[in-house]
Protein chains: 4
Amino acid sequence: MMTDSKDHLRDERREQIKRAALKVFAQRGLIGTKMNMIAREAQISDGLSYRYFKSKEEILTELIKEAIEGSNEAFALITNMPGSPIEKVRTLTNEILQEDNHHFILMQQVMLADELPNEVVELLKTHDSAAMINTLTAIIAKGQHSGEFVEGNPKELAMWYLTSLVGLMNIQKIDIEGYQLPDADFMMRLIVKPNPI
Amino acid sequence: MMTDSKDHLRDERREQIKRAALKVFAQRGLIGTKMNMIAREAQISDGLSYRYFKSKEEILTELIKEAIEGSNEAFALITNMPGSPIEKVRTLTNEILQEDNHHFILMQQVMLADELPNEVVELLKTHDSAAMINTLTAIIAKGQHSGEFVEGNPKELAMWYLTSLVGLMNIQKIDIEGYQLPDADFMMRLIVKPNPI
Amino acid sequence: MMTDSKDHLRDERREQIKRAALKVFAQRGLIGTKMNMIAREAQISDGLSYRYFKSKEEILTELIKEAIEGSNEAFALITNMPGSPIEKVRTLTNEILQEDNHHFILMQQVMLADELPNEVVELLKTHDSAAMINTLTAIIAKGQHSGEFVEGNPKELAMWYLTSLVGLMNIQKIDIEGYQLPDADFMMRLIVKPNPI
Amino acid sequence: MMTDSKDHLRDERREQIKRAALKVFAQRGLIGTKMNMIAREAQISDGLSYRYFKSKEEILTELIKEAIEGSNEAFALITNMPGSPIEKVRTLTNEILQEDNHHFILMQQVMLADELPNEVVELLKTHDSAAMINTLTAIIAKGQHSGEFVEGNPKELAMWYLTSLVGLMNIQKIDIEGYQLPDADFMMRLIVKPNPI
DNA sequence: TATGAATGAGGTTTCATTCAT
DNA sequence: CATGAATGAAACCTCATTCAT
């Protein structure tokens, strides 16, 4: 039907705008991102975004919804996957350390911001960053039992590991000659017990 | 004397405003920081900052000047101090991991920003973030020779270590129940060769 | 009595401030004049003017009152003085062309301004710049009869002469190397019939 | 073509804003002119000027550029034109005494101002108000030789004549019932030797 | 639907006025 | 009385949003 085609086109546009917005939000921050930057990145005119989104706020809200979903999925994945704690942490780490993973940066910016749209605040309650930490805490505790992970308060280890990882993602935006992200095993040295030879 | 007392008061005020501004800049970013936030944080009226600083830009510029000096000092310190590479890295790490160390966060924001005041751009040329990395690279290379540090491209290790550390500082602003920064030795697991038992 | 001495001191201060204000108003215009400029010119602190005048507006109002009085006096003088029309115009011209005659410049600025304090507006009604022109018109008409002045509509001649003169006063503020005001006889060439030889 | 039409519209708007600004600057002075006055005069919203000019300063700078060009042209004109000194001065005088000639008033305000944008200061160096005076001085000297002009220091005569003329332009803004500018020959009485009969 | 010009609320800065010392 | 630091309303400027084409 006609409508389907129309809807399809409309969805394409929305995705195009969201992709552009995510990139700019991640690079410039929530306030540093101007609507005309999003428009330029999406190669559309200044006014067009408003046919697809009510406001800058709405774009942000949708992006955060996706980010939360992505994050929840990532944690569901490692909760449910088979394998040793080390393998689970490696999977999670690789998930986060993707070159084009802007969602985690966005989440971080959102958590740092203080004046958020109400709807975003509501969304964040469904996310409970503590849940992420608790999941990882459980895995680490298990790994400690099996002797794979270093000793220490598992919750603290989880928080330190996650914040290091997310911080690293954030910092990668700085333009340093020849910089590339480390691989998962480098970061995992923080919590994995060294191989006794 | 009168003059001394006046000058003293003036300097106190300037410091008060800079302290407030540093805190807000670190939390909200360069653009996200509004002058009225600085004023509120410093508990003064909106207009008063302008008796002490020509503009928001001038406040930022002074803060960055201090941040660069602090960073340069930290690296000079570990370059000149006696001791093993491990001890040097531990000193540097502790220097960075101070609860109230907003300067590194500010530096990071400055390096991420795209439209900086000219004077700040000039200042940054005197800083050369590469210098920081090179200093650490040399120490790591030496530590690799003496077997203290893990193998791998020393420059890459330096960059990864520094960005993890700075990212961690940045992320600590997020309000997580019971979160405190890790100590130096936790982070140093990233590059220090484990003690063979 | 004590009070007399106090009042005397108070009046001195008021004069000092008014002198300073007149100078600055004439140089910088009504809006261009900042209260701190007046204070600096009067060599007093920023706040002190407010012990002697309710506001910037009040200072201006008093200055204009004086300017109007001065202008009225000048015209009364030439109306009543004995002598030929030429001598009367010369007296008036010299009155205006005084190096330190800021009052005429102030009057002009006031007449150009559009947002004036109400009280000033009231004052201006007592001045009626037309009165000045009418006085001069009468003198010129008389001088035309006696053959001293050039032909033409006497009112127009009066307006042109006065505006040239006042404009000249205004322009003298421009810093031109070696500039000094012309004397009365130069300006009077505009309306005085040349001496037949 | 599309682009041409767009550019054309843009230029029209810029001209509209400049016209409005010139009128207001001439009437209210550099500091007395508020952006909202320009907007109201141009019948546009407060923010729109900023799509066409970076700042109030830029508007002023462009206007001054034009004023300087106009002034330079006027003096080039009389330098190069054939004719007697009297005819040259008449041409110049008529050039200045145009009802809608706000440029000379603007120039005067600029020369009176004390805090000018840097670029304007640079521009003024290309203008050298002394050049204007020197040009006129030369013409007057020549006219004195041929007996057309009155005796006296030609440079002084030039300065007095010009300042009277410009001051007159400035003063015309005052709203006097039935006032109109004099013609060139009236003003030229200041320096032209009277016709002996 | 798509454009980009236009609007106006909000952030930055200035300065008349007040107030603690 | 005198000072100059402090205040806050108003001016300059930016940018999210609307609207004419």
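The structure presented is a predicted model; accordingly, all values stated were derived computationally and were not measured. A note on names: the letters A, B, ... follow the listed sequences, proteins ahead of strands, and every chain is numbered from 1.
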Review point. Counting only heavy atoms not in Glu119(B), do more than 12 sit closer than 6.0 Å to its CD atom?
Key: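 12 or below, so no.
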Practice item. Assign each of Tyr52(C) and Arg13(B) to its nearest nucleotide of DNA chain F by heavy atoms, then name whichever residue's nucleotide is nearer the 5' end. Key: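 Final value for this comparison: Tyr52(C).
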Check: residues 35-50 of chain D side-chain donor-acceptor pairs under 3.5 Å, at least two apart:
unit_1: Glu41(D); atom_1: OE2; unit_2: Lys23(D); atom_2: NZ; d: 3.2

Value in whole Å for how far the [atom2] atom of [N] lies from [atom1] of [X]:
| X | N | atom1 | atom2 | result |
| --- | --- | --- | --- | --- |
| Leu9(D) | dG4(E) | CG | P | 13 Å |
| Glu58(A) | dT17(F) | CD | P | 10 Å |
| Ile17(A) | dT3(E) | CD1 | P | 10 Å |
| Arg40(A) | dG4(E) | CZ | P | 12 Å |
| Arg10(B) | dT3(F) | CZ | P | 19 Å |
| Asp11(A) | dT1(E) | CG | P | 13 Å |
| Arg51(A) | dG4(E) | CZ | P | 15 Å |
| Gln43(C) | dC1(F) | CD | P | 20 Å |

Review point. Excluding sequence neighbours, so at least two apart, what forms side chain to side chain donor-acceptor pair (under 3.5 Å) with Glu57(C)?
Key: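 With sequence neighbours excluded, Glu57(C) shows a side chain to side chain donor-acceptor pair (under 3.5 Å) to no residue whatsoever.
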Check your understanding: Mind checking what makes side chain to side chain donor-acceptor pair (under 3.5 Å) contact with Glu122(C), not counting sequence neighbours?
Key ->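 In terms of side chain to side chain donor-acceptor pair (under 3.5 Å), with neighbours along the sequence ignored, Glu122(C) is linked to Lys125(C).
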Are there any protein N/O atoms within less than 3.5 Å of an N/O atom in nucleotides 8-12 of chain F, and if so, which ones and at what distance?
unit_1: dC12(F); atom_1: OP1; unit_2: Met35(D); atom_2: N; d: 3.4
unit_1: dC12(F); atom_1: OP1; unit_2: Lys56(D); atom_2: NZ; d: 3.2
unit_1: dC12(F); atom_1: OP2; unit_2: Met35(D); atom_2: N; d: 3.0

**Study point:** Salt bridge Glu62(C)-Lys65(C), side-chain N to carboxylate O under 4.0 Å
**Key:**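 Salt bridge: no.
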Point to revise | Dot-bracket line, read 5' to 3' along DNA chain E, where crossing pairs take [ ] and | marks a partner on another strand, Watson-Crick or G-U under 3.5 Å | key: .||||||||||||||||||||
Point to revise | Flag, side chain of Lys54(A) to backbone of Arg51(A), donor-acceptor distance under 3.5 Å | key: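 No; judged by distance alone, with no hydrogens or angles, the pair does not exist.
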Point to revise | Test side chain to side chain contact (heavy atoms under 4.5 Å, CB included) applied to Gln109(C) - qualifying residues, sequence neighbours left out | key: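 So Gln109(C) forms a side chain to side chain contact (heavy atoms under 4.5 Å, CB included) with Leu30(C), Ile105(C), Leu106(C), Lys173(C).
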Exercise for review: State which residue, out of Val120(C), Ile68(C), Val121(C), fulfils the side chain to side chain contact (heavy atoms under 4.5 Å, CB included) condition with Val110(C).
Suggested key: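 Only one of Val120(C), Ile68(C), Val121(C) forms a side chain to side chain contact (heavy atoms under 4.5 Å, CB included) with Val110(C), namely Val120(C).
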Point to revise | Gln16(B) and Arg19(B) side chains, donor-acceptor separation under 3.5 Å | key: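 No pair is found: no donor N or O on one side chain lies under 3.5 Å from an acceptor on the other.
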